[in-house]
There are 2 protein chains.
Amino acid sequence: MEPAVKAIAEPRRREILRLIWTRELPAGRIASHFAVTRPAISQHLRVLKEAGLVSERRDGTRRLYRARPDTVAEVRRFLGAFWDEGLQHLKQEAEAEERRKRNRRRR
Amino acid sequence: MEPAVKAIAEPRRREILRLIWTRELPAGRIASHFAVTRPAISQHLRVLKEAGLVSERRDGTRRLYRARPDTVAEVRRFLGAFWDEGLQHLKQEAEAEERRKRNRRRR
DNA sequence: CCATTCTGTTAGTTGACACTTACGTAAGTC
DNA sequence: GACTTACGTAAGTGTCAACTAACAGAATGG
């Protein structure tokens, strides 16, 4: 999980992921969308693959990549829980504040 | 926005953020929750502050930190949009696949 | 004042990371 | 079999990040 979060922190890797949300794409096609060299993209793809965010399928000389919706959903839930926990705490504090106000008024 | 995403990728910073979701805490109290030295936490706090995720208030010799719900919510929305875009694409593809199946059957 | 407390800041080190260039390799093409 | 295509991998570089140890500074208490 942690590797996936780190992988997503990099903007270029998010861009790559966006390219292969829906369709399978060979590494070269992915690389051609960016200004950096092909090996650089290849390394990004490895990071994404090791994080489980991307699947690789070989077809002759090409390697086709695609996002893995299950892992993506996991990361989404993980971070979602993080935010939600925070918001819940904040809500509780807001309610406590409200109670304090009411108690002050009552005296 | 990008700094905030990077800031959150670090597990220790997420822990710090969790500590000050609800209550204000002085730097020393925050540091005492961790095994690393106090300056290390101080630097993490600076990163969080520069990312706008944390507010700092001085009280005598102490500095009190607290999460900033507005910025936190922004990051949440940013990543939320990222996931949602992906899921939308996947949904579209699933529907397209469905259509293809139907068309095949019709012939 | 001086000492203490609570903190940020400043080197300085180590390691990770994004990148490039150069090379290696497997699958198709002539 | 040589050639090309489409890749990954290795090695090297510059930069950034996380950490420690040592110092600096503001507020408080005597």
Side-chain angles (χ1 to χ4, degrees), chain A residues 1-20 23-68 71 75 79 82, chain B residues 1-20 23-68 71 75 79 82:
Chain A
M1 171 65 18
E2 207 58 50
V5 175
K6 276 237 170 130
I8 279 169
E10 171 66 34
R12 184 146 292 157
R13 282 196 286 263
R14 282 200 304 272
E15 281 298 311
I16 291 176
L17 217 46
R18 269 167 37 101
L19 284 175
I20 54 180
R23 61 191 185 286
E24 239 178 6
L25 238 52
R29 294 286 291 245
I30 297 172
S32 67
H33 280 80
F34 301 96
V36 298
T37 57
R38 193 183 46 70
I41 299 300
S42 191
Q43 284 162 5
H44 279 308
L45 284 169
R46 176 166 54 179
V47 172
L48 287 169
K49 189 176 137 201
E50 281 173 358
L53 288 164
V54 148
S55 66
E56 179 195 305
R57 184 171 71 88
R58 308 177 79 133
D59 170 42
T61 151
R62 298 183 309 170
R63 306 203 185 180
L64 304 167
Y65 291 90
R66 180 194 287 258
R68 285 183 48 179
T71 318
V75 180
L79 288 178
F82 178 68
Chain B
M1 173 61 23
E2 208 56 53
V5 175
K6 276 238 170 131
I8 278 170
E10 172 66 34
R12 186 148 289 156
R13 282 196 284 265
R14 283 201 304 274
E15 281 296 312
I16 291 177
L17 217 46
R18 269 166 38 102
L19 284 176
I20 54 181
R23 60 191 185 286
E24 237 176 8
L25 238 50
R29 293 285 291 248
I30 296 172
S32 68
H33 280 80
F34 300 96
V36 297
T37 57
R38 197 183 42 69
I41 299 299
S42 191
Q43 284 162 0
H44 279 309
L45 284 169
R46 178 164 54 180
V47 172
L48 287 168
K49 190 175 134 202
E50 281 173 358
L53 287 165
V54 148
S55 67
E56 179 195 306
R57 184 172 72 86
R58 309 177 78 132
D59 170 42
T61 150
R62 298 182 310 170
R63 307 204 185 178
L64 302 168
Y65 292 90
R66 181 194 287 258
R68 285 183 49 180
T71 318
V75 180
L79 288 179
F82 178 68

Strand-adjacent residues in residues 7-16 of chain B, judged by heavy atoms under 4.0 Å from DNA chain D: B:Glu10, B:Arg12, B:Arg13

Sorted by number, the residues of residues 45-57 of chain A with heavy-atom contact under 4.0 Å to DNA chain D: A:Arg46

Scan the side chains in residues 25-48 of chain A for donor-acceptor partners under 3.5 Å anywhere in the protein, sequence neighbours excluded, and list what turns up.
| from | atom 1 | to | atom 2 | distance (Å) |
| --- | --- | --- | --- | --- |
| A:Ser32 | OG | A:Arg29 | O | 2.7 |
| A:His33 | ND1 | A:Arg29 | O | 2.9 |
| A:His44 | ND1 | A:Arg13 | NH1 | 3.2 |

Over all atoms of both residues, closest heavy-atom pair of B:Ala67 and B:Leu17: CB-CD1, 4.3 Å

Considering all heavy atoms, the nearest B:Ala7-B:Leu53 contact: CB-CD1, 4.0 Å

Interatomic spacing from NZ in B:Lys49 to CD in B:Glu56 - rounded to 0.5 Å: 4.0 Å

Rounded distance (nearest 0.5 Å) linking atom OH of A:Tyr65 with atom CZ of A:Arg57: 12.5 Å

Sugar-phosphate only, base, or nothing, as touched by B:Pro39 at under 4.0 Å among non-hydrogen atoms: base

Touch class at under 4.0 angstrom, heavy-atom based, for A:Ala40 against every strand present: base

Pairing of B:Glu15 and B:Arg12 as salt bridge, 4.0 angstrom limit: no

Under-4.0 Å salt bridge between B:Glu2 and A:Arg14: yes

Start and end of the DNA chain C segment that chain A contacts, any atom under 4.0 Å from a heavy atom: C:dA18 to C:dG28

Along DNA chain C (nearest heavy atom to each residue), the more 5'-positioned of B:Gln43 and B:Ala27: B:Ala27

Footprint string (nucleotides 25-30 of chain D, 5' to 3'): B base within contact, S backbone only, - free, heavy atoms under 4.0 Å: --SS--

Expected output: side-chain B:Arg66 to main-chain B:Ile20 donor-acceptor under 3.5 Å: no

Check: A:Arg68 main-chain N/O paired with A:Ser55 side-chain donor or acceptor under 3.5 Å: no

D:dA17 phosphate, OP1 or OP2, under 4.0 Å from B:His44 side-chain N/O: no

Nucleic acid contacts of residues 30-38 of chain A, taken as heavy-atom distances under 4.0 Å to DNA chain C: A:Val36, A:Thr37

